Amino acid sequence: MNLVRAELERLAARRFVQLMVVLLAAAFAVTVVTTLAGSHRPGPAELSRAQAQAAESVRQMEMTYDRCLRIREGTLPPGENDYLPRDCAQIDPAQIEELPSAADYLSGVFVFAKEAEPLLYFLIAFLTLFGFLVGASYIGADLNSGGVVNLLLWRPRRPLVLAAKLGTLLGGLLGLSVLASAAYLGAFWLIGQASGLVGRTGGDFWPSLAAIWVRGLMLVLLAAALGFAVATLGRHTSAALGTVAAYVVVWELGARLVFQILEVGRPDRYMLSSYLAAWLSGEVRLWDNNACGPGISGYCDGSYTLTWTSGLVVLLGLTGALVAAAFTVFRRRDLI
Amino acid sequence: MSAVIEIAGLRKTFHTLRQGRRIAVDGFDMLVEAGQVHGFLGPNGSGKTTTLRALLGLVRPDAGRMRVLGAESPEHLPDVAGRVGAIVESPQFFANFTAHRTLRLLALAGGVPTARVDEVLEQVGLRDRGDERVKGYSLGMKQRLAVASALLKSPELLILDEPANGLDPAGIREMRDLTRSLAEAGVTVLLSSHILAEIQLICDHVTIVSRGRRVAYGPVEEVLAGFDQHQWRVRVADPEQAGQLLGRAGLSVTVAPDHLVVTGVQDPETISRTLGEQGMWVRELVPLRPDLESVFLELTGDHEHVAVPRQVDGAPPNDGVIDLDVRESREVDA
């Protein structure tokens, strides 16, 4: 416990960590200020006009759907500009996830329900980067500066020391992420209340947002563990940064190009970024350029889906393997 | 006396892509007993630091047995780690941490009362600057901080690898006094240093390592005595003639331009009487006793460097710790 306390204090006292927290606070402040400056609370007339526009839009959708049904039944001849999907259910307003609302027709008004998801994704992206860099530099700087050796002279159990460091990192990061998320979303909710609109937060709004948040937190922790593991293996912070840069350039860009030239089927399934997107957004629909080649006639759906489950398995498996490798190597390594 | 450090048959080979296979320690043995201030000498790359790192569980040996305070190392090192203070080479610290915070974190991690921090800062003379960031410290101050970190645990065994690195003469003297006071308080000290005169001044026992093997060990006086060639420096009006006289008397003589060195003579009276009987009067007759540096260089195969006469700190110029320039001498056949 003492070791964890000491590590937590060491982590919090790191200048790099402090700098990243300041950057997070600065980004937060800038976003809040610009949102506040660009938003106003709509008046009754503005609101009723937007509501009327939304109602009109919904009415148009219902008419289009109704027309589609009648054309399919043959009771109405199709017009030149009619949009006719294979199945009219595709444009059934009752089945559409989100119908137009007044918020869509309000200009210069911050609507929390509409903006919460992209704001949360921005926060997750920042925290993921933060987690990776802090994870890598926390152990990388310690290994490079001899801090780990100093510590091992006090606590010669290597796995325990490394586990304490990783546990402290993940615990601290989780705490910071929870606080930052609460402050971030709370602040924008208040802006919606005071200087905009909260919007429709009923139904599955909060559960859906919570699911993204939980997946985001998991991603932040995985990124931190990944950075920590690679920096441990490479004995340096730059090892982690270099590995990521090399991976992006060599595999995500280079190999993707080679796959395209060789016409390899479904190349996206070999890319970590696909599983990252699948995990974060619940699922990702990808297109296989080679699926519908010249030999195929008629309708061809070349798309395929990666679910959050496969995303989790790949990300967890990769991180787990690297962390296990880092512990194994660190346990046996000569610290010279 | 109980053994505090026991090393037997320690071997360690490093394999690197650039340098290939390099034997760092090759069957090294060492014994340090309780209460000793034990000097650990060896040239660069002789395996000193590798030995200390292996002893402290930082390097995995290929073979050999090590015990620290009775516990097998590295298996049972955690059982005694709280009683062993150590610095290995020049430890680095986070530059933007203060000395106080650096030590506080170590104390916290090691379960030592944080009240010890001020005590050890006082001990190493950093109390007034404990709240300054380490990046503003000189090399010597960082070294003191390292020693302070080793002292935090109130250790029974203190392992110091080059503690005088970067210290100015006053700092070296303070470190020497500190080491002595710790030894007087019953702390066993293992001191690795390149400053041989320092080792000779502080240590009562010594182990000398060369190319990964122990080449000499024991009480400092005994090690030095083992290399005493019973040499005498003689100054006379005519060294050339005196050399011939002494050579004819069966003595081994080396003649230099302004003096001569007689080797293998237990009683200096033999020299003065031999010369006096021929009417040649001795102006100076000084015993040339080996110092640790000459023994060290002899053992580690570096005696070509024994060229510049030098005075060891604290010793008078003519007390037998002067090495002669052997390159300018020539042997006189007996």
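Keep in mind that what you see is a predicted model, and the values were worked out from it rather than measured. Just so we're on the same page: letters track the sequence lines, and every chain starts at 1.
Neither the backbone nor the side chain of A:N144 comes within less than 4.5 Å of any heavy atom of chain B. In this structure, chain B has heavy atoms under 4.5 Å from both the backbone and the side chain of A:R10. Residue contact with chain B, scored on non-hydrogen atoms closer than 4.5 Å, involves the backbone of A:R333 exclusively. Both the backbone and the side chain of B:K153 come within contact range of chain A, judged by heavy atoms closer than 4.5 Å. In this structure, chain A has a heavy atom under 4.5 Å from the side chain of B:R53, while its backbone stays farther away.
For the set B:T102, B:L106, B:V84, the entry with the most heavy-atom pairs within less than 4.5 Å of chain A is B:L106. Looking only at heavy-atom pairs under 4.5 Å with chain B, the residue among A:R157, A:E9, A:R5 that has the most is A:E9.
Heavy atoms only, all atoms of each residue included: A:W154 and B:L152 are closest at CH2-CB, 3.3 Å. The shortest heavy-atom contact between B:R101 and A:A13 is NH1-CB, 3.2 Å. Closest approach of B:A109 to A:R155, counting heavy atoms only: O-NH1, 2.6 Å.
In terms of modelled atom types and a separation under 3.5 Å, the side chain of B:N96 and the main chain of A:R14 share no donor-acceptor contact.
For the atom pair CG (A:L152) and CG (B:L77), the distance works out to 10.0 Å, reported to the nearest 0.5 Å. How far CG of B:L108 is from CG of A:L3: 9.0 Å, rounded to the nearest 0.5 Å.
The shortest distance between side-chain heavy atoms of A:L153 and B:L58 falls below 4.5 Å.
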Let me see the working for B:F94 and A:R15 under side chain to side chain contact (heavy atoms under 4.5 Å, CB included), right down to the final yes or no. CA-CA 10 Å; B:F94 279 118; A:R15 184 165 281 190; over 6 Å; no
